[in-house]
Number of protein chains: 2
Amino acid sequence: MGQKGTATRARILTATQELVETGGYFGAGLNRVVAVSGAPRGSLYFHFPDGKDQLVAESIRQAGQATGAAFEGLAESSTSVAEFAEGVLLHLGDRLEESGWHKGCPVATVALEMAGSSDTLQQACSEVYTSWTTALRAQLEGRRDADDLAVTILALIEGALLLAKAHRSREPLDRVTRQLATLLR
Amino acid sequence: MGQKGTATRARILTATQELVETGGYFGAGLNRVVAVSGAPRGSLYFHFPDGKDQLVAESIRQAGQATGAAFEGLAESSTSVAEFAEGVLLHLGDRLEESGWHKGCPVATVALEMAGSSDTLQQACSEVYTSWTTALRAQLEGRRDADDLAVTILALIEGALLLAKAHRSREPLDRVTRQLATLLR
DNA sequence: CCTTCTTAATAGATCGGTCTACATATTTTT
DNA sequence: AAAAATATGTAGACCGATCTATTAAGAAGG
């Protein structure tokens, strides 16, 4: 793959990621992807021959990896799991509010929309969530209920993010943050 | 409104609710609504003159009320908040699995899809979540952190349901159920 | 040269929404 | 009580826009 090809592919993926993040699977219409990325229509099917599902699946995986890396960084600068989780909620809250209540979890919307109907996308979503859970679990090493706790914290974050978007308010995030201490007591 | 009119209106709403529950806003295409409900296309805009947003908003409110009522019943037969929350998770898990991992929260998908772009739907989702939170809060009377806790429990349920759908597995629900005891210690 | 990649026209389906004609109740008038 | 007038609801063809996907031809770059 030449340099130009690689570049267009990346641009398409980034544009898709952006659109999926704010509008889910159906918010990322291919016309819009083409418009935002500046790539021509045909290139889309040259780089992603399996069509939209492949495109969205890859963009989700990429977003998952990026988010995972960001959390990794946050984890290193935290002295406890509670501090880390609070940092995550703070960061996600900032992002959500600054984007005008558009950008929540890059995976959740697609998961709810498509997990029931597309195996490709269900698998992609599942994998991203698993990787996040694993990363979280690693920080809970030594606790008896580490596995349960990791899933619970992730559920809490996802749920809080959903409620915040629904209410267009940080309140749910703040309330959940306060309760985190109890959970991790 | 005559009897027949009321009946068709109800059929349309039920069909929409069904479709929204499994496929979100975009899963409930008007063609499909018409097909499932058996109502003719014209009746749709007779009963819901403001179009799809009105239709979906009403169907969400109806689903919210129905779910709220179901939880009310579950609450009466529970001796503690923990027992109630566990019952809710169990019930939702059954529903999700029995529907082939289709029917999760009837509000969440639309909230994530549309809260950022449609005021009508954002408001409807927000109201349903508020009503559920209020109901939950009522069961926590006497606790210092009742407000925070009510939101946290709802977030936990919504998050667990999302993860369960993404993984097509009850595991997240089970893990969260186990951790609920800690949270409500 | 020849693979890699771009370009734009286009197909065919489906989308939400509108329209007019028609049927069925309900009320009003005589 | 019969007939006429009005309101209520049904029925489905139809509109332009948008959707994902395909195609054939040409440009760029190794």
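Letters A, B, ... are given to chains in the order of the sequence lines, protein chains preceding strands, and every chain is numbered from 1. These numbers come from a predicted model, not from an experiment.
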Under 4.0 Å between a side-chain N/O of B:Ser43 and OP1 or OP2 of D:dT10, yes or no? yes

Whether A:His47 contacts C:dT4 is assessed here as follows: a side-chain N or O lying under 4.0 Å from the phosphate OP1 or OP2. Is that the case? no

Counterpart residues, salt bridge (charged side-chain N to carboxylate O under 4.0 Å, His left out), relative to A:Glu58 (two or more places apart): A:Arg9

B:Leu55 CG to C:dG17 P: how many Å, rounded? 10 Å

Nearest-Å distance for atom pair CZ/C1', residues A:Arg11 and C:dC5: 12 Å

What pairs of residues pass the side-chain hydrogen bond (donor to acceptor under 3.5 Å, both in side chains) test when at least one of them lies in residues 100-114 of chain A, not counting sequence neighbours? A:Glu18-A:Lys103

Would you mind reading off the distance between A:Ile12 atom CD1 and C:dC5 atom C1', rounded to a whole angstrom? 11 Å

Residues that, via side-chain heavy atoms closer than 4.5 angstrom, fall in one hydrophobic cluster with B:Val36: B:Ile12, B:Leu13, B:Leu19, B:Leu30, B:Val33, B:Val34, B:Leu44, B:Tyr45, B:Phe48, B:Leu55

Run the salt-bridge test on A:Arg178 and B:Asp145 with the 4.0 Å N-O cut-off and return the result as yes or no. no

Scan residues 116-126 of chain A for pairs that pass salt bridge (Lys or Arg N to Asp or Glu O under 4.0 Å), counting only residues two or more places apart or in two chains. A:Asp119-B:Arg168

Scan residues 152-185 of chain A for pairs that pass ring pair (Phe, Tyr, Trp, His ring centres under 6.0 Å), counting only residues two or more places apart or in two chains. none

Roughly, in whole Å, what's the span from CZ in B:Phe46 to P in C:dA21? 18 Å

Sequence neighbours excluded, the answer for salt bridge (charged side-chain N to carboxylate O under 4.0 Å, His left out) partners of A:Asp53 is none

Residue list, salt bridge (charged side-chain N to carboxylate O under 4.0 Å, His left out) with B:Asp94, at least two apart or on another chain: B:Arg170

Rounded (10°) bend between the five-pair end axes of the helix from C:dC1-D:dG30 to C:dT30-D:dA1: 10°

For a quick check, with a 4.0 angstrom heavy-atom cut-off, what is the B/S/- contact string for nucleotides 15-20 of chain D, read 5' to 3'? ----SB

